[in-house]
Structure formats: structure tokens, C-alpha cells
Amino acid sequence: MEYNFKQIENKWRETWIRQKTYKIDIDASRPKFYVLDMFPYPSGAGLHVGHPLGYIASDIYSRFKRLNGFNVLHPMGYDAYGLPAEQYAIQTGQHPAITTEKNIARYREQLDKIGFSYDWDREVKTCEPSYYKWTQWAFIQMFNHYYCNKSQKALPIAQLEQHFAAHGTQGIDTACTEELCFTADDWAVYDLKKRQDVLLNYRIAYLADTMVNWCSTLGTVLANDEVKDGLSVRGGHPVEQRVMRQWSLRVSAYAERLLNGLDQVDWSDSLKEVQRNWIGRSQGAEMTFKVKDSDVEMVIFTTRADTVYGVTFMVLAPESELVAQLTTPAQQQAVNDYIVETKKRTERERLAEVKKVTGVFSGAYAINPLTNEEIPVWISDYVLAGYGTGAIMAVPAHDSRDFAFARQFGLPIRQVVVPVGETPSDPQTWDESRDSKEGIMVNSGPINGLSVKEAIRQTAAHITQTGIGRVKTNYRLRDAIFSRQRYWGEPFPVYYKDDMPYMLDESQLPLTLPEIDKYLPTENGEPPLGRAKNWATADGYPLELNTMPGFAGSSAYYLRYMDPKNDGALVSPEANAYWQDVDLYIGGTEHATGHLIYSRFWNKFLFDIGLIVKDEPFKKLINQGMIQGRSNFVYRIKGSNTFVSLRLKDQYDTTPIHVDVNMVQNDVLDLERFKAWNPEYANAEFILEDGKYVCGWAVEKMSKSMFNVVNPDDIVDQYGADTLRLYEMFLGPLEQSKPWDTNGIDGVHKFLRKTWRLIHDREDNLSVSADAPTAEELKILHKTIRKITDDIERFAFNTSVSAFMIAVNELTSLKCNKRDIVSPLVVLLAPFAPHICEEMWQLMGNSGSVCDAQWPIADEQYLVENSFEYPVSFNGKTRFKLTLPLDLSSGDIEKAALAHEESQKWLEGKQVKKIVVVPGRIINVVVG
RNA sequence: GCCCGGAUGGUGGAAUUGGUAGACACGCAGGACUUAAAAUCCUGUGGCCAUUGCGGCCGUGCGGGUUCAAUUCCCGCUCCGGGUACCA
């Protein structure tokens, strides 16, 4: 009996639980280290082999840090609220809590088999009242705060009320939904309802009529990151724009801090770039255009104030409030028709028809504040209501959309920027707008001849002085819509009195999710909570019917892990002061614009109100690559039940058919299992090559329909958890996407067997020697210590596995079974393959768990080389090798190389022009 | 369109600062042990040419460049993957 992974792994799984090996607590005597995995949504499909990739990497790092003396917080939990469980509830009537609990149990079972060092006593589930109490609590805090731009932080709303009572809106600079202007006297006469209404304009969690992404199939609104190409990310259902009264979080108030914070964190440049683009800071100017024969003013945002002399028309978004104010009676009908038309088109159609230019003239004319020119105001859906002011000044010569619009409707085009070295040309002859990033201003009155950069500066100064406009920074980042018309989410701690929202008292938290009879909207279109009985406060005020979105519960879970059982606070000051922030966060890129923005926002807010000590939650972040599926195919001869092997298939007319990858090994099909797979194939016949049926393959998404889902449990059953862990790492660099291909797994399994045999004889009897190691053995060990330590710090786990293989191969050929060599090697391997290492550690007579061993330190004295095998190259081509002492001078190396008999062949008839000697590296002789 | 990655044997990949390209492993081929199989072990394995022996040429997506020396740096392309998009 050789390496019995089943027995070993079972033994240690039980022992670790019994001895609470992974339980941790605050320990002031040791430095902390916090390693976090993005917690999973427990789906009905269970874990596939791609999920644990990041978990294994973070587990290796956690164990490595622990071995280096750190007190490591490494928790796991579940993002338990979500649409799939609710959709399933709608179809089957099964309560989503039951489905979720069942899925969690399955996930837990799968996770437990892989040997993670999680402290399960800290597990959180976002759907548990003891957890979402603090989601609700944070929401109340957001309601009770506003964002002050001057101090760049959240402040209590009571302070704002005091300011209103004393000075009205005079002198405030806050984030708000719309700029309000009133005096202290006005405030004094406002009734309670009016005051509440005004305050909603400033609260960080606020209720407002906003343009939302409405998904009628899901029956709910969605946040921007939950919509892609006009379809819901979950389910791919159409999404349309609609104005609805919804809760929102004023994330946009934090745009600048979210952007600046990126400079302090150790994340990949590409991820930071995605966040920067999503935040979308653009610096420009807001400018006011008067409207002819009207007291209406149009405010527009532009990054190119310099091109104001090239403006030949204005465009309003169809949803803009100004449309109704500006449209002349003569154009009323046409404008109405156009607006009806654009409303009918869904967001998706608008995106699909980017090239199609539509619009209508409002009948009004604006006056260019710099030239006093009268220019027509148009309405078109290429201008977005949600960005800037919903109105633009069109410069068709230098903007492709404005250009297309001008061409479509015969509007004038005027060039105002000419690239250096070119002359102005007639825009009538152009096919497209001209680039204006750099150049010299023309047709622009006083700024003619200036560079673009200088012209922007001067124009901005001019409009600020004259009061025409002001310098302004705009962000693409919008507030997060926080209401969902769904059941399976956190209830809002909100009730309504006189149509105004009020927060429950903290003592009433958690407000638990009520039972309902059906998981569908009510007959009159209210969200599912409208079905709940007695859904009201003790005084009879109705409670909020919406629930919170998916990202609510995941925005502060990393804080809760620090102090998961605390009923008096989200996290205690002591726990937060000790654990501080996440040192290493591993997860997928798909959360780049959702979770990673929201949780940073949430964290900054909690930082502002003094709950926590860190402004940024995740110090270092690594995105693991996706594990793609690798599908297998068989080839059926058309019209028959005969299947032909891969390399013979071209001789027949065949149809490729997906087969379950679990009955294929090294691309060879298990014929019996295939026949048993489907009654249709019971009598299948095969045309084999070399007695085997070889399948074709392709890289596709891992999904049930492709029959390429590989379950980690199956791998654990067949090879053991240690093999699975090593193999996932061996597959390639952590951050790179790669297909799951079981073809190489035998290699790492063999490696573990060889490792086992280092201290076992042929009969599997333990055989460990206490002899002193030789210099050669010590060199192998210390070279490996250096390599592994270095690799782990760089998250290069794939090369670590190779280094282990090399070490074990070398020790095997030396027949080394010495405790002083194998024991430290086992410590190095323990983070990767904890079960076998724990067993070997014990077998070699060590006390305690290998988890608490001391990480070995590479001793350079064993690694000193005194000679080096120089590659000797001629004109850059390596010709032979020459071993020389390392302390030889460059001159002597040169002489030795030229004197070597092999050199004569390459020197013959040629002249040595130069010799490059890099001691310890290379010798290159240049001849000619 | 824009932004970010990537391209190395039959396959996954290695080469950390410009210094021996292909480590390690899979697969494949041949061999040992065995009645046989499994397991294990040994040898070979980038391509082409030569193969009696030594060996030679080419080669990291393509085309240029810098350098004694380029998978690595620079310029210009091609293809693949991901993100994002009327953002003024």
C-alpha cells in the first residue's frame, strides 16, 4: 500500500476540526495579516473546478504567512441574497431561504474537502438577521449624513439643518441631487414635510425621482453595473429607462476620493484603469446659453470651451426638462412625436442603431454668449439626460457625433482648430470630423492663433470673469440605485409618514424579512413585500416595500469577519484597530465596476463617521484568471450510430457531438461509460485508431450544456485534495485565464507519491534517517527554500510546484531520507499540500501541527558556487560550454575561452574584434 | 472605435535585471520488470538537413530597428482574449 491519500486526508480533516487548528483570535503579540477571498453566491450548480482557484492561492498565502509568524485572518462566508433563489421560488413556491440554506450546505461540503484553513467560526451569511442588521444600520447612517465638499467627508445631517436654520443655503458646498437656493427665513416657514423633502436632496442615502434601468422581466430596477448592452447581466433581459421614485446612494459624492484612493492601493494597472474609466472624471466648464425671446437659460458642460466659436447648434436630451420650456408652438407636434418615438425604442435598440441619426428641431434659438450668434436648439437622443446637464453645445467640425448630426440635418460646420503645419479647409469637403486635440485656433475671434491648450485656459478664465460660466469637473460615475422590487433581499429599515420616509430606531434592528404567500408582485403592481401581513410599524405606519440590492450585503462583509458575533456594533473598535484592512484580496475581475466600487464607497463612508480606521479597504488585490472549460467531441457518421476516432474522421461525413468530459481521459473515450451515458448510444459502434477512441476538443465556457463541467469533488475522490490544490496551481500563472484540462494531473499526483516515498521504503515502511546531510543535499534544500519563498511572495505558485518536483527528483536520485532535509522540505510544501505534509511531519517525529512550524530560512553558505559553466558564444551563438572558477578575472576568462580547442574552429581565418565577458553569466566572442 | 491583456514545441507552461530559449509536467515513441495488466523505473522527444561519426542551419505571431547579445527594449502591423462605449 502506497501513499493513501484518502486515509490521510480524512484523518487530518477530522483532526483539524477537533483541534480547532484554524481558529484565530486577536493576538497583540503577533503581527496581523488579513487574507480575503471574494465570498461566493451559493448557486444551485455547486462549485466547479474554477471556483477554488483563487481560494487555493489565498490559502497557500495564508498558510505561508502563518508559518512566518503572522496571525492570519482567513475567513469565508456567503453572499446569500440573490435573484436565482428567488426566481426558483417563483417557479416552485419553495422559500428562497430553504434553497439558499441547501446550496450553502453543498458549498460547505465541497469547500471542506479541499483543506482550506478558514476559521469557520467567523462565517457570515448576508441573509441572516444578525448579519443584515448591520447592513440596515449602515443604511440608517447614510440617511443621517450628507457629504460636505469643503471638508471632503460625510457629516451629520443635523449640522446641515442647523446651517439651514441660520443661513439657508448660503455658503454651503455639498453633494446634492439638485442645487437649491433658499434663505433661513424660508427654512423657518417650511413645514416638516417640506423640510424632509429638502433634506432628501442632501442625504447620502436618499429617495428621489430618478432615471432608472427598469427590467420588466425581472420586475425590478437595476444598477448601472447590473446592465450591459441594454440587457440585464443576470438573465439577459431587456432594460429600459424610466423615471421612478427610488432609494439611491450618493456614491458620486465620493468620486474624487474613489479616484485618488486608487493611487494608494496595490492593484493591477488594468483593474485601476477600469475603475478610473468607470468613475470617468473629466475637467471642463459649465457655460450658460441664453435663449432668444425667452428667459430660459441652457447650461451645458464642455471639456472644450476653446471650441465655442465653432458651435453651430445646440442639442438637448429628449428627457431634458428644458424641452417642454423651449419648444415653440409650431414645432410642438413634431417634438412630441419624436419623444414618443424615442421612448418606444429601448436602450438596446438605441445602442444597436448608433449609426442612425435622429432628432427634431425645437423651434428655439440659443445665443452664443461669446459671439452673440443665434443658433438653433435641436433635440436628439444622442445626448444623454444622465450625464452633465443633458444639454450640449455642438461643434460639428470637431466631434464625430455632432458632425453626423449636422450632415443629416444640413446644419453648418465651422472649423476652429487646425493642426500645426496645415491650412484650414472647407468642411463641406470633409467625410468626417477633424481631430482637434492639438492645433491652432482659427475662426475664433480673440483666441485666433492660440494653441488649443492656451485657448482652453483663456476661455475658461474669460467665462469665469464674465459670469457666463464656471470651471467644473464632471464624473461619469452615477449614484447607485438602491431599491429592488424583489423579495429576497434586506428589508429597508424605513417607514412612511405623510409620504415622507423615516428611519426605524436602531433598537428595532434587525427588521426581519416577513413571510409572504407568493414571491410575486401584488395585483396592483407593488413589490412582493406588499403581500406581507402587518408590514407596518407598531404605530401603524407602513414599512418600505422595496428590498436592498445584491451589493448591499457584500459591501462591508470584510469588516464583519473581524468581529462576526458582535451584537452591539458592526465591528468593535478593538477588532478593527487590530485587523485594520485586508492585506490580500483575491477574486475575479467581474467585480471591477460593481462590488469593488461599492465596497470602497461604503468603507469610506464608515471611515468618515469614525467607525473604522482605514480609508481604503483592500491593500493588495489580485484577480485570478478564469478557468475555461475544455470540451470533448465524438464524431458520429451522419445517419448512423457509428462514431469515428479523431484522426480518421476526415474520411467520413460526420457530426461533432459534445461528450461529458468526465468519461474522457487524456482525450481517450471510455467506450463503456459512453454507451451507458445515453440509451441512444447503447448500441453505438466505433471506428478506432490504435485500439482507442480519440476525442476532439475545444476551449469553451464551462457550462452544463457543453458537458465540460468538472466537479472538484470528483478530482478529490480520484486523486485527493492535495493533488487538486497542486494541480490548480501548476496549470499556469494565477492571473491568466486558462482551460481546465485534466491531462496533466497525473504528473502532480506522481510527484506527491514520490514525495511520500522519500521517507518510505518499497514495502511502505517508514524509513527516516537521522544522519547529517551532505553538502549536496543541503544545497538542494536551500536552493528550494529560496525559490519557494520568493515564488510565494510573487504569487508565482506554478513555478513553485516545478521547483518542488525538481527538489524531490534530485533527492530521490540521491536516495535521501534524512530528517534534516525532508522535514524542512515538508514545511515548505505544507501550504500547497497540507494533508500529506501534516502526515509526514508527524511521521518524522515532529510535535504539533505543521501549520505552526517555522518557515525555513535559506542559508546562503550552502548555495555558494565556486565555478560556473560559461556558455561561450561566437557572434551571439552559443557554441560550447566551459566550466571556470567564479573568482577568475575577466582577462583570464577571456584567455581561457580563446585557448579552448573548440574555439579554434570558430576563430579560424577570422579576426577577433571584441570579447564580451560578463563574469558568472556569459562569454561572447565577436569575430569577423 | 477606445482602453487593458496576450501570442514560445503535439499540449499546459518556464526563462525574476537584455546574457545558455523550451525548465517542470503531460502526451508520444522505444526499453526494463511482469504469464499478463496496472504500478514503477530507464532512454529519446522544437523543426529541417545529415546520421557511419562529428555536426550544421532555422526557430519565441509578422516586418523593421537598437545591441557584442532581444522571448525580454523601440517603431509599424496581424490575430486572439477581456473591459468599455453616443460621457460632450
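Sequence lines set the chain letters: A, B, ... in the order given, protein chains first and strands last, and positions in each chain run from 1.
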Novice: Between B/rA25 and B/rC77, how far apart are the C1' atoms? Round to whole Å, please.
Specialist: 35 Å

Novice: Any chance the side chains of A/Thr883 and A/Tyr870 put a donor and an acceptor closer than 3.5 Å?
Specialist: no

Novice: Quick one: does NZ or CZ of A/Arg434 land under 6.0 Å from the six-membered ring centre of A/Trp430, within 45 degrees of the ring axis?
Specialist: yes

Novice: Report the residue (A/Val274 or A/Arg879) whose heavy-atom-nearest nucleotide on RNA chain B is the more 5′ of the two.
Specialist: A/Arg879

Novice: With rounding to the closest Å, how many angstrom separate the P atoms on B/rA23 and B/rG18?
Specialist: 23 Å

Novice: Assess whether ring-ring contact (aromatic ring centres under 6.0 Å, His included) is satisfied between A/Phe405 and A/Phe313, documenting all intermediate values.
Specialist: CA-CA 10 Å; A/Phe405 195 83; A/Phe313 58 101; 5.5 Å; yes

Novice: Considering only the C1' atoms, how many Å lie between B/rA69 and B/rA21, rounded to the nearest integer?
Specialist: 14 Å

Novice: For a quick test of reading the model: is some side-chain N or O of A/Arg401 closer than 4.0 Å to OP1 or OP2 of B/rA88?
Specialist: no

Novice: For the pair made of CD in A/Gln736 and P in B/rG12, what is the distance, rounded to whole Å?
Specialist: 10 Å

Novice: Once you round it to whole Å, what is the distance between P of B/rA14 and CE of A/Met729?
Specialist: 13 Å

Novice: Which of these nucleotides, B/rU40, B/rC4, B/rG13, is closest to any side-chain atom of A/Ser270?
Specialist: B/rC4

Novice: What nucleic acid atoms does A/Trp267 come within less than 4.0 Å of, heavy atoms only: base, sugar-phosphate, or nothing?
Specialist: nothing

Novice: Taking atom C1' in both B/rA38 and B/rC48, compute the distance separating them and give it to the nearest angstrom.
Specialist: 39 Å

Novice: B/rA70 P sits how many Å from A/Lys877 NZ, rounded?
Specialist: 10 Å

Novice: Could you report the tightest heavy-atom contact between A/Asp381 and A/Thr358, atom names first, then the distance?
Specialist: OD1-OG1, 3.5 Å

Novice: Determine, for A/Asp790 against A/Lys787, whether the closest basic-nitrogen to carboxylate-oxygen distance falls under 4.0 angstrom.
Specialist: no

Novice: Contact class for A/Pro733 vs. all strands (heavy atom < 4.0 Å): base, sugar-phosphate, or nothing?
Specialist: sugar-phosphate

Novice: Between A/Asn875 (CG) and B/rC57 (P), how many Å, whole number?
Specialist: 11 Å

Novice: When you check every protein heavy atom under 4.0 Å of nucleotides 16-33 of chain B, what one-letter string (B, S, -) results, 5' to 3'?
Specialist: B--BBS-BBSSSS-----

Novice: So A/Arg757, base contact, sugar-phosphate only, or nothing? Heavy-atom distance under 4.0 Å.
Specialist: sugar-phosphate

Novice: Should A/Arg786 and A/Asp791 be marked as a salt bridge (charged side-chain N to carboxylate O under 4.0 Å, His left out) after you check the CA-CA gap, both sets of side-chain angles, and the distance that decides it?
Specialist: CA-CA 9 Å; A/Arg786 188 171 63 180; A/Asp791 278 356; over 6 Å; no

Novice: Report which part of the nucleic acid A/Arg630 touches: base, sugar-phosphate, or nothing (heavy-atom distance under 4.0 Å, all strands).
Specialist: nothing

Novice: On RNA chain B, check which nucleotide each of A/Lys738 and A/Thr303 is closest to and give me the residue with the more 5' one.
Specialist: A/Lys738

Novice: Using whole Å, report how far CD1 of A/Ile279 lies from C1' of B/rC3.
Specialist: 15 Å

Novice: Dot-bracket, 5' to 3', for RNA chain B please: Watson-Crick or G-U pairs under 3.5 Å, [ ] where pairs cross earlier ones, | where the partner sits on another strand, dots elsewhere.
Specialist: (((((((..(((......[....)))((((((.......))))))((((.....))))..(((((..]....))))))))))))....

Novice: Do A/Trp740 and A/Tyr727 make the cut of ring centroids closer than 6.0 angstrom?
Specialist: yes

Novice: Ignoring the backbone of A/Asp741, work out which of B/rG83, B/rA88, B/rU11 is nearest its side chain.
Specialist: B/rU11

Novice: So which atom in A/Phe403 and which in A/Asp431 form the shortest heavy-atom distance, rounded to 0.1 Å?
Specialist: CE2-O, 3.5 Å

Novice: Which nucleotide in the set B/rA85, B/rG13, B/rA88 lies at the smallest distance from any side-chain heavy atom of A/Val383?
Specialist: B/rA88

Novice: Taking the inter-plane angle between the rings of A/Phe5 and A/Tyr3 on a 0 to 90° scale, is it parallel (under 30°), tilted (30 to 60°) or perpendicular (over 60°)?
Specialist: tilted

Novice: Quantified in whole Å, what is the C1' atom distance between nucleotide B/rG76 and nucleotide B/rC87?
Specialist: 32 Å

Novice: By the 4.0 Å heavy-atom rule, please label A/Glu735 as base, sugar-phosphate, or nothing.
Specialist: nothing

Novice: So, A/Glu286 and A/Arg470, do they make that salt bridge, N to O below 4.0 Å?
Specialist: yes

Novice: Would you measure the distance from the C1' atom in B/rC57 across to the matching atom in B/rC4 and give it in whole Å?
Specialist: 40 Å

Novice: Round to the nearest Å and state the distance from A/Phe289 atom CZ to B/rA88 atom P.
Specialist: 17 Å

Novice: Are the ring centres of A/Phe832 and A/Phe804 closer than 6.0 Å?
Specialist: yes

Novice: Is the glycosidic torsion of B/rG65 within 90° of 0, making it syn, or is it anti?
Specialist: anti

Novice: What integer number of Å spans the C1' atoms of B/rC75 and B/rU66?
Specialist: 11 Å

Novice: Between B/rG46 and B/rG27, how many Å separate the two C1' atoms, rounded to a whole number?
Specialist: 15 Å

Novice: Quick check on salt bridge (Lys or Arg N to Asp or Glu O under 4.0 Å): which of A/Lys779, A/Lys783, A/Lys754 does A/Glu810 satisfy it with?
Specialist: A/Lys783

Novice: Give A/Ile392 one of three labels, base, sugar-phosphate or nothing, depending on what nucleic acid heavy atoms sit under 4.0 Å from its own.
Specialist: base

Novice: Please give, in whole Å, the distance from B/rC2 P to A/Arg476 CZ?
Specialist: 18 Å

Novice: Quickly work out the A/Leu726 CG to B/rG13 P distance and round it to whole Å.
Specialist: 17 Å

Novice: Over all strands shown, is A/Ser282 touching base, sugar-phosphate only, or nothing at heavy-atom distances under 4.0 angstrom?
Specialist: sugar-phosphate

